[in-house]
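These notes concern the structure reproduced below.
If you read the sequence from its start, that first residue is 1, and numbering goes on from there. Keep in mind that the numbers below use all heavy atoms, side chains included, and drop hydrogens, waters and symmetry copies.
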Amino acid sequence: MAVEESESVIGELEREENLIAAVRHIVKALGPNKTLTSDAKKILADLGTRLSSMSVPSEKEEGKQGQGGQGGDDHDGGADDDEEEEEEDDEGLNAIEERLNVIQEKIMRWEEDQSMIWDLGTEEASEYLNAANEARRLIEKLESLHLRKEDQEYEFLQKAYSVLQTAMARLEEEFSNLLIQNRQPFEPEYVSFRSSEEDVVDENSIISIGDESVEESLQRDSVSRASEEHIIDLVHPAVIPDLRCIANLLFASNYCQECSNAYIIVRRDALDECLFILEMERLSIEDVLKMEWGTLNSKIKRWIWAVKIFVRVYLASERWLSDQIFGEGEPVSLSCFVDASKASILQLLNFGEAMSIGPHQPEKLFRVLDMYEVLQDLMPDIDALYTDEVGSSVKIECHEVLKRLGDCVRATFFEFENAIATNASSTPFVGGGIHPLTKYVMNYLRTLTDYSDILNLLLKDQEEEESISLSPDMSPGTEEDSKSQGSPRRVSSMALHFRSLASILESNLEEKSKLYKEVSLQHLFLMNNLHYMAEKVKGSELRLVFGDEWIRKRNWKFQQHAMKYERASWSSILLLLKDEGILVPGTNSVSKSLLKERLRSFYLGFEDVYRIQTAWLIPDIQLREDLRISISLKVIQAYRTFVGRHNSHISDKIIKYSADDLENYLLDFFEGSQKWLQNPHRR
């Protein structure tokens with residue numbers, strides 16, 4: 001080998017070493033600065049222009065370097081020239097060996113020192129990086145000579161390989177240590193779950209059909225739509241340039257897999273710790289299925305809160321960190337991010353899958369809807385994070401879990417319909433008030449209106465949607481809408497199912513009313529429950545679903561039951577206040593004995609109704625007052641008229657109650673507390 005080739009190799013290495021050192025100095029000087037002076041910008045622009053005008057020599061050109069003088073004149077004194085060339089070759093070999101020994105000394109001295117290089121300062125770290133890079137460049141130059149095993153330079157090449165391997169192993173260790181030692185603590189504002197929602201078992205949330213605390217239990221925990229997208233520093237920003245330099249050198253030296261694995265292991269552990277801090281314990285599907293509802297309900301609330309933070313804060317920041325170290329948009333950056341985060345995101349999705357395959361109990365529907373809603377809301381974020389083929393498996397799994405949760409919502413809703421239809425009672429509900437089933441169903445539907453968009457999507461029946469066109473009578477809009485539009489309006493999927501469910505409830509209530517022996521109480525019970533249904537719809541978002549015409553029909557229905565109650569309760573008593581049967585035969589005079597008997601029967605009848613119906617209940621104050629007024633107008637007024645008409649034939653001793661007395665007694669009706677009329681005063 002000619003001395004020119006050896007000197008060329010050494011000279012170029014020295015020039016490149018100086019150039020690289022200068023560039024590192026520029027990068028370090030720039031640091032985290034985001035602004036530059038105009039002079040600095042001009043100098044850097046000139047440098048960019050100069051670099052863009054330079055070309056990178058091909059391998060052939062590199063191999064020809066130092067051969068430019070081969071075309072000169074031949075020397076007749078060949079022996080002298082050969083001796084001279086041998087001396088030059090020895091000098092070149094010595095230069096390479098000397099250079100390699102210097103590199104080896106810089107690398108190997110740290111093998112005896114257990115200290116982490118980057119812990120000792122930038123000077124030591126820069127020296128080590130430069131030495132490792134020199135070894136890489138020397139190998140590249142020696143490899144370009146296409147050496148044979150018998151060439152003496154081949155021995156240097158093998159030695160350089162060994163030195164580089166040692167350096168790469170150390171850099172991999174330093175890379176991992178920098179990532180671990182410079183991890184940033186998780187920001188407290190992202191982990192204050194209890195500050196906004198207590199993670200306790202809510203007894204009211206353990207609900208079932210027949211539970212009287214349904215109004216409180218069905219209050220929905222809102223899923224905030226406010227954006228939680230924040231990029232935070234998962235690793236201290238000051239070490240990002242060092243991490244990037246180490247990664248670049250490892251990749252340039254063909255240690256890509258080793259660098260990637262080191263990064264993935266550290267960051268995977270960091271994300272596992274993040275889930276631990278978020279209190280997302282690793283649960284199997286079996287663990288979830290065996291869990292009591294109170295505990296599971298609490299776990300679901302925490303999952304809904306945690307998954308938003310994990311995706312929009314930590315996964316977004318994790319992707320950003322990977323881009324900062326490996327280069328934004330680089331395949332290796334995405335690959336490292338996916339491999340580091342895959343186990344954590346799948347752990348969260350595993351909980352969602354467990355919820356989707358569990359028993360379809362109605363009380364779980366709201367929590368499953370919350371889970372569906374938050375995951376659907378996060379899908380654009382997940383799709384953006386897990387791009388290309390390498391991220392497709394995670395993205396596909398997220399979409400699959402979302403689909404399974406949607407299927408669970410549908411199945412649970414239909415199970416709820418079935419539960420209402422098959423809810424049977426063996427004994428009548430005491431007092432004829434509002435049945436717990438009615439409260440449960442109407443509050444359940446009212447709460448479901450918060451999920452209108454999701455339910456319309458999931459309950460959509462395309463054929464029914466296209467074929468059924470409702471008249472204004474069934475329109476989910478207001479009466480004014482119906483009048484103004486004049487044309488049939490399509491009903492939403494949710495409206496169809498809600499109205500169907502309300503009809504199922506009405507049929508069930510009809511069956512329950514038959515458990516009462518008293519016909520009047522049957523009608524009072526139906527009046528109470530239909531009135532409650534109408535008022536619930538009228539006073540909530542359900543009005544937009546059911547429509548004003550539905551409300552009018554239920555108002556008409558409960559009024560019909562009120563009339564039937566009055567007829568069943570009071571018609572026989574009112575007959576006692578008619579003149580038929582109290583006149584002396586053949587005359588127009590009243591029989592005092594018959595009149596006295598008639599009044600006595602009326603008082604007994606009123607007392608009997610009083611005793612029974614004070615125990616009955618009308619929970620709605622206005623409805624209770626309206627029915628009392630109606631009874632007063634019919635019964636008390638008839639009594640007052642009857643007594644006034646026959647006043648001359650009635651002594652004070654016969655009058656047991658005055659009209660005012662009876663009016664006051666009516667105030668005790670429908671309070672749910674049974675009373676008796678004892679020792680009434682006589683005049």
Side-chain angles (χ1 to χ4, degrees), residues 428-435 509 513 516-535 554-582 595 597-647 650 654-678 680-681 683:
F429 183 61
V430 177
I434 301 165
H435 198 280
L509 291 172
S513 71
Y516 295 105
K517 294 180 180 179
E518 302 93 339
V519 175
S520 55
L521 186 52
Q522 293 178 10
H523 292 298
L524 187 86
F525 172 77
L526 291 171
M527 176 198 73
N528 272 325
N529 285 269
L530 288 170
H531 177 266
Y532 180 86
M533 292 172 66
E535 288 299 304
R554 270 65 203 171
N555 285 340
W556 179 83
K557 280 187 175 183
F558 88 71
Q559 288 167 4
Q560 289 296 305
H561 285 296
M563 291 173 58
K564 290 176 180 178
Y565 151 78
E566 290 180 352
R567 191 176 301 122
S569 294
W570 299 101
S571 58
S572 60
I573 294 177
L574 285 172
L575 286 175
L576 297 172
L577 300 178
K578 293 185 178 296
D579 288 345
E580 290 82 354
I582 61 171
L595 182 60
E597 183 61 28
R598 187 68 65 86
L599 285 173
R600 191 180 70 83
S601 298
F602 172 81
Y603 296 141
L604 288 174
F606 185 89
E607 289 168 0
D608 193 46
V609 172
Y610 180 91
R611 175 182 57 80
I612 294 171
Q613 297 194 13
T614 50
W616 295 358
L617 179 65
I618 300 179
D620 185 85
I621 296 174
Q622 188 60 51
L623 180 61
R624 184 168 65 238
E625 184 61 27
D626 288 345
L627 191 57
R628 286 171 179 168
I629 291 172
S630 179
I631 295 171
S632 176
L633 290 173
K634 292 179 177 65
V635 179
I636 308 303
Q637 187 59 38
Y639 173 75
R640 183 178 281 111
T641 301
F642 182 81
V643 171
R645 186 167 58 248
H646 302 291
N647 186 47
I650 301 174
I654 298 177
I655 300 298
K656 193 173 184 180
Y657 306 111
S658 69
D660 291 339
D661 291 334
L662 297 179
E663 193 84 57
N664 289 329
Y665 292 144
L666 278 181
L667 298 178
D668 295 330
F669 277 57
F670 317 126
E671 293 286 348
S673 177
Q674 190 172 33
K675 296 181 179 181
W676 286 263
L677 289 176
Q678 296 178 344
H681 73 278
R683 292 187 180 179

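- Under the salt bridge (charged side-chain N to carboxylate O under 4.0 Å, His left out) criterion, Arg598 pairs with no residue, sequence neighbours left out.
- The side-chain hydrogen bond (donor to acceptor under 3.5 Å, both in side chains) test applied to Asn528 returns no partner, not counting sequence neighbours.
- One finds the CD1 atom of Ile636 at 9.5 Å from the CG atom of Asn664 (value rounded to the nearest 0.5 Å).
- Between Phe606 and Tyr665, the ring-plane angle classifies as tilted under the 30° and 60° cut-offs.
- Under the side-chain contact (heavy atoms from CB on, under 4.5 Å) criterion, Ile573 pairs with Trp570, Phe602, Val609, not counting sequence neighbours.
- Taking CD of Gln674 as the reference point, atom OH of Tyr610 lies at 10.5 Å (rounded to 0.5 Å).
- The salt bridge (charged side-chain N to carboxylate O under 4.0 Å, His left out) search around Glu597 returns Arg600, not counting sequence neighbours.
- To the nearest 0.5 angstrom, Phe669 atom CZ is 11.5 Å from Glu671 atom CD.
- Residues Leu595 and Phe642 meet the side-chain proximity criterion, which asks for heavy atoms closer than 4.5 Å.
- Note that the CD1 atom of Ile655 and the CG atom of Leu599 stand 5.5 Å from one another [nearest 0.5 Å].
- Partners of Lys578 by salt bridge (charged side-chain N to carboxylate O under 4.0 Å, His left out), not counting sequence neighbours: none found.
- Formation of a donor-acceptor pair under 3.5 Å by the Arg624 side chain with backbone atoms of Ile618 is found in this model.
- Under the salt bridge (Lys or Arg N to Asp or Glu O under 4.0 Å) criterion, no residue pair touches residues 523-534, with sequence neighbours excluded.
- Between Leu521 and Gly432, the closest heavy-atom pair is CD1-CA, 3.9 Å.
- The side-chain heavy atoms of Trp616 and Ser520, taken from C-beta on, include a pair separated by under 4.5 Å.
- Within the 3.5 Å criterion, the main-chain N or O of His531 finds no donor-acceptor partner in the side chain of Asn555.
- Thr641 is linked by a side-chain contact (heavy atoms from CB on, under 4.5 Å) to Gln637, Arg645, counting only residues two or more places apart in sequence or in another chain.
- Residues Leu526 and Lys557 have side chains not in contact (no heavy-atom distance under 4.5 Å, counting atoms from C-beta outward).
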* Show the numbers, then the answer: is there a side-chain contact (heavy atoms from CB on, under 4.5 Å) between Asp660 and Arg640? => CA-CA 9 Å; Asp660 291 339; Arg640 183 178 281 111; 3.6 Å; yes

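- Minimum heavy-atom separation, Gly672 to Leu617: N-CD1, 4.0 Å.
- A perpendicular orientation is assigned to the rings of Tyr657 and Tyr603, their planes being inclined by more than 60° (bins at 30° and 60°).
- Checked against the 6.0 Å centroid criterion, the rings of Tyr565 and His561 do not qualify as a close aromatic pair.
- Annotation: side chain of Phe670 is in contact with side chain of Ile631 (closest heavy-atom distance under 4.5 Å).
- The shortest heavy-atom contact between Gly431 and Leu524 is O-CD2, 4.2 Å.
- Taking a 6.0 Å sphere around CG of Leu633, one finds it holds more than 12 heavy atoms contributed by other residues, nucleotides or ligands.
- Legend: salt bridge (Lys or Arg N to Asp or Glu O under 4.0 Å) pairs involving residues 519-528, not counting sequence neighbours: none detected.
- No side-chain heavy atom of His435 sits less than 4.5 Å from a side-chain heavy atom of Tyr532.
- Proximity of a side-chain donor or acceptor of Gln522 to a complementary backbone N or O of Tyr516 within less than 3.5 Å is detected.
- With sequence neighbours excluded, no residue forms a side-chain hydrogen bond (donor to acceptor under 3.5 Å, both in side chains) with Thr614.
- Judged purely by atom type and a 3.5 angstrom limit, Arg628 uses its side chain to pair as donor or acceptor with the backbone of Leu667.
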* To do: Decide side-chain contact (heavy atoms from CB on, under 4.5 Å) for Met527 and Leu623; before the verdict, give the C-alpha distance in whole Å, the side-chain angles of both, and the deciding distance to 0.1 Å.
  => CA-CA 9 Å; Met527 176 198 73; Leu623 180 61; 3.8 Å; yes

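- The list of salt bridge (Lys or Arg N to Asp or Glu O under 4.0 Å) pairs with a residue in residues 560-575, not counting sequence neighbours, reads Glu566-Lys634.
- In this structure, CZ in Phe429 is found 14.0 Å from OG in Ser513, a value given to the nearest 0.5 Å.
- Across every non-hydrogen atom of Leu574 and Val635, the tightest pair is CD2-CA, 3.7 Å.
- Applying the salt bridge (charged side-chain N to carboxylate O under 4.0 Å, His left out) criterion to Asp668, with sequence neighbours excluded, gives Lys675.
- Qualifying side-chain contact (heavy atoms from CB on, under 4.5 Å) partners for Asp626, counting only residues two or more places apart in sequence or in other chains: Gln622.
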